[in-house]
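Order of the sequence lines fixes the chain letters, A, B, ..., with proteins taken first and strands second; residue numbering starts at 1 for each chain.
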There are 2 protein chains.
Amino acid sequence: MTAEKAKGKAARSNSNVTIVDIARLAGVNPSTVSRALSGSSAVTLQTRARIAQIAKESGYIANHNARMLRSRKANQILVIVPNIAAFSHPDVILGIEEALEEYNIGVIVGSTKGSEAREIALARQLVTGAADGLILLNGRLPDELGELTHYSRRIVAISRPVANPGIAFVGIDNEQAATEATRYLLSLGRKRIAHIGGPEQSPIFAARARGYRTAMEQAGLEDISDVQHFSSFDIAAGRDAMRSILSRKQLPDAILCASDELAFGAIQVARERGIKVPEQLAFIGFDNHPVSEAFSPALTTISVPRRRLGVLGAQTLLRQIDADVDVAEPQLLPYEFLVRASCGRNGFAS
Amino acid sequence: MTAEKAKGKAARSNSNVTIVDIARLAGVNPSTVSRALSGSSAVTLQTRARIAQIAKESGYIANHNARMLRSRKANQILVIVPNIAAFSHPDVILGIEEALEEYNIGVIVGSTKGSEAREIALARQLVTGAADGLILLNGRLPDELGELTHYSRRIVAISRPVANPGIAFVGIDNEQAATEATRYLLSLGRKRIAHIGGPEQSPIFAARARGYRTAMEQAGLEDISDVQHFSSFDIAAGRDAMRSILSRKQLPDAILCASDELAFGAIQVARERGIKVPEQLAFIGFDNHPVSEAFSPALTTISVPRRRLGVLGAQTLLRQIDADVDVAEPQLLPYEFLVRASCGRNGFAS
DNA sequence: TTGAAAGCGTTACCAC
DNA sequence: GTGGTAACGCTTTCAA
């Protein structure tokens with residue numbers, strides 16, 4: 001009987017020594033062990049030390065699942081990204097991890113890859129209690145959660161806002177940034193400025209396009225402007241966009257790209273066709289891709305404080321959960337405009 | 001009393017409707033509901049349908065934690081990456097997710113960022129039962145797990161092997177790839193070939209350096225070869241390496257870089273100094289970075305089947321867990337050598 | 001085919 | 001301060 005039980009115990013997969021074992025070893029009640037291990041001041045310092053000692057020696061590791069079940073919190077938050085392979089998200093995630101580390105809250109990452117099924121599966125993690133909160137980098141609240149309004153405080157959107165009201169948001173002012181970049185091109189004397197945009201359903205790319213248009217209109221140049229929207233914003237889309245632009249009668253003398261990757265692809269094609277960058281055609285990108293400085297020509301771009309967005313987003317989430325309040329106002333962090341070689345020098349037009 | 005209880009229930013955070021509620025609604029026992037929901041054929045098709053219906057209507061969602069606690073499996077595997085911001089890991093993760101999706105196994109990702117504490121915290125997820133298995137992309141078995149040999153079947157290393165014996169491995173033959181790349185440069189008539197290596201403690205970079213040396217020695221060119229090892233393998237390290245190379249009396253006529261990023265940095269500096277790439281100096285990178293094709297000049301490189309590595313790694317892990325066997329032999333997938341402009345054309349020396 | 005009951009390992013509540 | 005006990009929501013025997 002005893003042998004069988006021992007065998008059964010050994011055969012079980014995970015951490016074998018439980019709080020009950022510790023209790024037996026220490027000659028106290030399991031609840032005391034629980035309290036001691038969680039550092040409750042209701043337990044003598046002495047007993048606490050003794051129990052900690054025993055726990056350590058016996059290699060005790062708390063069972064996450066049991067703890068989660070009983071205490072109704074997972075100590076984990078879930079980050080939903082559209083595509084983990086996009087270079088920009090990992091930096092944000094790093095920031096999130098950084099902010100949550102000190103609270104001993106783990107971060108789990110799930111990418112939707114555009115699949116709605118996957119989105120729902122991930123969203124359930126919040127509902128089932130596998131995660132205490134949700135950080136959305138995909139600009140979309142999973143339908144599953146749209147109705148469960150009492151979850152709104154457990155959700156924060158970073159970079160891309162979601163349409164639903166009441167969801168906290170942390171990002172940058174994309175419209176303003178695009179306006180500033182366009183104005184910079186204008187200040188260099190460029191007049192025929194095109195815009196290669198990203199997917200226009202995306203609020204982020206819509207804002208960048210808006211910013212561009214604003215600057216052009218204010219300069220009285222709305223006629224020459226040219227906005228393109230692609231279903232993607234990667235290098236291949238940049239190549240396509242450039243080919244399309246090159247097929248027209250009159251070329252632009254500058255292009256504001258909605259992402260650095262779009263710019264990479266566009267510049268590649270332009271150079272292949274013998275166009276001099278930046279002399280004939282200036283470029284500005286968006287996002288400060290790691291390669292943008294090493295690229296030839298080094299790419300002028302807007303640097304988004306991704307890491308800091310992650311930190312602030314995580315902090316906002318914690319604040320909402322702990323204090324059970326809404327952070328209604330969108331929080332916008334400053335971006336940085338990085339001037340590099342791809343725009344040429346001042347005085348182009350003179 | 002009843003009111004208080006109801007209030008308590010409402011106040012509880014997560015999914016409110018439980019298996020017991022469904023049971024009550026359906027007029028059956030909770031165990032029947034459990035069986036029905038898991039599709040057990042021991043339940044009448046009729047009852048099963050009815051229960052499914054009720055569950056759906058009431059918005060029932062199974063509590064992950066309770067299920068995990070009882071059934072002793074998490075239906076989740078953990079992927080440990082050194083740095084989620086490195087471009088290469090996400091592709092592998094995508095492959096892993098892809099392979100596990102059909103089994104309804106979730107993927108959680110944790111990055112160690114070189115911190116041992118973080119590594120241990122992540123490793124515990126396996127021990128506490130929060131994860132059923134571990135996929136290591138960091139080339140290192142957390143110390144925590146080194147002694148727990150009975151966990152070895154729940155661990156698979158991808159890309160970078162771990163030193164510990166008995167851990168399954170999936171990767172490519174880096175040594176062979178480096179040899180092939182070097183031979184290609186030799187075939188173009190290049191003779192003074194340098195190597196910019198990554199951190200030499202890393203088996204992956206050590207293998208690439210070895211492959212380079214082998215090719216050089218076999219060509220009788222060991223004297224002119226030049227291996228450098230940096231603590232990193234990013235763009236900044238590439239710049240540093242190139243500056244160091246440029247400070248010497250005699251320049252190489254080709255450089256094999258241990259990563260595309262190293263190549264990006266090195267090429268940038270070389271071009272800034274007026275060196276013609278590839279005419280004077282040819283380059284080969286490693287990993288087929290997304291930007292490598294758009295880079296100027298387009299970078300010759302070795303393409304690693306990252307996604308497929310992820311798929312195979314995940315499948316291997318499942319096989320080990322389900323069949324409880326070891327997959328002892330390292331599994332090597334074929335890489336692809338992509339010739340682009342950065343090496344120039346055949347006949348350089350003639 | 002279904003019901004009853006016993007746990008999984010932990011924490012929370014109520015006594016003492 | 002500590003012990004006892006119930007409960008978290010589910011799965012899984014064992015009976016019926």
Any side-chain heavy-atom pair of B/Gln320 and B/Asp326 under 4.5 Å: yes
Check the distance between C/dT10's C1' and A/Ile22's CD1 and give it to me in whole angstrom. 13 Å
Interatomic distance where CD1 belongs to B/Ile61 and C1' belongs to D/dG9 [whole Å]: 14 Å
In chain order, what residues pass the side-chain contact (heavy atoms from CB on, under 4.5 Å) check against B/His64, with sequence neighbours excluded? A/Thr128, A/Ala130, B/Met68
Can you tell whether the side chains of A/Glu98 and B/Lys113 come within less than 4.0 Å, N to carboxylate O? no
Check: B/Pro161 and B/Ile167 side chains under 4.5 Å, non-hydrogen atoms: no
Between CZ of B/Arg24 and P of D/dG9 the distance, given in whole Å, is 12 Å
Measure the distance from CG on A/Asp21 to P on C/dC8 and round it to the nearest whole Å. 11 Å
Does the pair A/Ile51 and A/Leu37 meet the rule for a side chain to side chain contact (heavy atoms under 4.5 Å, CB included), with working shown? CA-CA 7 Å; A/Ile51 289 177; A/Leu37 257 28; 3.6 Å; yes
Heavy atoms, side chains only, cut-off 4.5 Å: are B/Glu119 and B/Asn138 in contact? yes
With the side chain of A/Thr18 defined as its heavy atoms from C-beta on, choose the nearest nucleotide among D/dG9, D/dT12, C/dT10. C/dT10
Answer yes or no: is there a side-chain heavy-atom contact under 4.5 Å between B/Leu100 and B/Leu318? yes
Any residue of residues 40-57 of chain A with a heavy atom less than 4.0 Å from an atom of DNA chain D: A/Ala42, A/Val43, A/Thr44, A/Thr47
A/Gly129 and B/Asn65: which non-hydrogen atoms are nearest, and at how many Å? O-ND2, 3.6 Å
Using a cut-off of strictly less than 4.0 Å between a heavy atom of the residue and any atom of DNA chain D, enumerate the qualifying residues of residues 29-37 of chain A by number. A/Asn29, A/Ser31, A/Thr32, A/Arg35
To the nearest angstrom, the CG-P distance between B/Leu69 and D/dT12 comes to 12 Å
With a 3.5 Å cut-off and just heavy-atom distances, do the side chain of A/Arg70 and the base of C/dT10 make a donor-acceptor pair? no
With a 4.5 Å cut-off on side-chain heavy atoms, are A/Asn164 and A/Ile155 touching? no
Among C/dG9, D/dG9, D/dC10, which nucleotide has an atom closest to any side-chain atom of A/Arg72? D/dG9
